[in-house]
Protein chains: 2
Amino acid sequence: MQPNFTVAEENHIKAIYHLQQLSGKVFTNDLAAALETRPASVTDMLKKLKAKKILHYEPYQGFYLNSEGKKIALGIIRKHRLWEYFLVEKLHFGWDEVHEVAEQLEHINSKKLIDKLDAFLDYPRFDPHGDPIPDSNGKMAAQQQVNLTQLDVNQQAEICAVASQARGLLELLKHSNIGIGTKLEIKRRFGFDQSVEITIKNQQTMMLSHQVAQALFVKII
Amino acid sequence: MQPNFTVAEENHIKAIYHLQQLSGKVFTNDLAAALETRPASVTDMLKKLKAKKILHYEPYQGFYLNSEGKKIALGIIRKHRLWEYFLVEKLHFGWDEVHEVAEQLEHINSKKLIDKLDAFLDYPRFDPHGDPIPDSNGKMAAQQQVNLTQLDVNQQAEICAVASQARGLLELLKHSNIGIGTKLEIKRRFGFDQSVEITIKNQQTMMLSHQVAQALFVKII
DNA sequence: TAAAAAATTTAGATTTGTCTAAATTCATTT
DNA sequence: AAATGAATTTAGACAAATCTAAATTTTTTA
Ligand SMILES: [Mn+2]
Ligand SMILES: [Mn+2]
Ligand SMILES: [Mn+2]
Ligand SMILES: [Mn+2]
């Protein structure tokens, strides 16, 4: 039923999906930046995806996945996140080490494999970064997360996602003992640089820059 | 240290390794048949592998992996067999269903992943087909197997490997309740067609054709 | 609204992996 | 030893995925 897609096509499909979640439409330069490729290469790929009838695309006007395309994207995301869960829960990878490997594993092509893996892992609903895992029909739990920058002083929250894979950020978080599941309370906000002071589990108090706070998503508790 | 190899290169390297185990040297047509590709395509690839200094190759004279090439082949075989073990032992695939998926998984590129997988599986020494799994240094247990055609009447043995992945064979074996670990005794041999009569676990008695017997390797018990 | 700037596409090239058909080399047979 | 046939390589082509540089379109600015 679904045609087969190459690894390059799948990487484009997934990246388009994530970008169109933000604003509905995606533009060539943004996708090229996300994939660390060139705008001209993106244009080439857009034509292929349009020819395969999974992308709505008019030259110069932006583009977005149609419902068939979204279904395919969700299948790739399902595989990516299930493998991440496997790597962390079964193989004891750190949650900040799994992305690269999952980026490869998500392209393994076997429905049976992924459904058996899902069962083996006992149908997890969230990956190690707090992102919801689509089920085999593409449905996933809504993620009730708020950006740390949006909390009020004295609010308590638990970190459930880190929105950036940047190398330096993960290093900083590890050093500060901050990770998925960390409980914290907002102590103060400084308008000058939009930094925020937090207390972890009623113990350490520390400052987070705006850049760091922006990368942290929490659920309020 | 080791350059990176593409999926196509890795598939060629692995196939060359298996063929050169038989007779030391490999020929273009044989490799093309094994990979279901064309002799001209094989020649193209041989030049690449020679340029990467892992293959001894003189035009028209056959070819074989040098020690560097064998090391790379064993790394791929290690991954293939560990994934097969994982699929059967953890995901409950049938031992006759794993080959295709392992053919993809063997190309995932992460030393950390494969060493952690090995530990998770508790360092298995044989894959679901009875083939030995190389350790991270490329060493593997010698396989003490004998072909079923070589046993004498009244000898008892346990099946530890099936040497062919042919579709029809696996179907036949499943139907006959024969698999890895099956214990049997040789009852009679017929010179006419080289068929052999066996009894499984002192229960069923059945005839196996020469073609089937040739594909079965056993250890004597 | 016309120029300038930004975004995007097109043109043309390169690498990888594959193929078919033709040429070459090697081995076997008269 | 020449002819035949098998095995192998070469020549030339093509699709996929990328790139750079140039052209085009759209948007912004003056
Ligand atoms: Mn990927
Ligand atoms: Mn994730
Ligand atoms: Mn393979
Ligand atoms: Mn095997």
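What's counted below: heavy atoms across the whole structure, side chains too, no hydrogens, waters or symmetry copies.
The nucleotide whose nearest atom lies closest to any side-chain atom of B/Glu9 is, among C/dG17, D/dT8, C/dT8, C/dG17. For B/Asn29, the listed nucleotide lying nearest its side chain is D/dT8; candidates were C/dC19, D/dT8, D/dT26.
Within the 4.0 angstrom heavy-atom criterion, no nucleotide atom of any strand lies near B/Phe63. Among the protein residues, B/Pro59 comes within range of the sugar-phosphate backbone only, with heavy atoms under 4.0 Å from sugar or phosphate atoms but none that close to a base. Across all strands shown, B/Ser41 has heavy atoms under 4.0 Å from base atoms, whether or not it also approaches the sugar-phosphate. As judged by a 4.0 angstrom heavy-atom cut-off over every strand, A/Thr43 is placed among the base-contacting residues.
Of the side-chain N and O atoms in B/Arg38, none sit less than 4.0 angstrom from OP1 or OP2 of C/dT18. Regarding contacts with the backbone of C/dG17, a side-chain N or O of B/Thr6 is found under 4.0 angstrom from either OP1 or OP2.
Residue order along DNA chain C, read from the 5' end via each residue's closest nucleotide, puts B/Lys48 first among B/Lys48 and B/Ala40.
With hydrogens and angles ignored, no donor-acceptor pair closer than 3.5 Å exists between the side chain of B/Tyr60 and the base of D/dT9.
A/Lys116 places no side-chain N or O within donor-acceptor distance of the main-chain N or O of A/Lys111, the cut-off being under 3.5 Å.
Stacking of B/Lys90 on the aromatic ring of B/Phe120 is recorded, both the 6.0 Å distance cut-off and the 45° axial limit being met.
Just one of A/Asp118, A/Asp131, A/Asp135 meets the salt bridge (charged side-chain N to carboxylate O under 4.0 Å, His left out) condition when paired with A/Arg78; it is A/Asp118.
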Between A/Lys50 and A/His56, is a side-chain contact (heavy atoms from CB on, under 4.5 Å) present by the stated rule, with each step listed? CA-CA 6 Å; A/Lys50 181 175 188 180; A/His56 186 277; over 6 Å; no
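Residue B/Lys47 contributes atom NZ, which lies 16 Å from atom C1' of C/dT15 at whole-angstrom precision.
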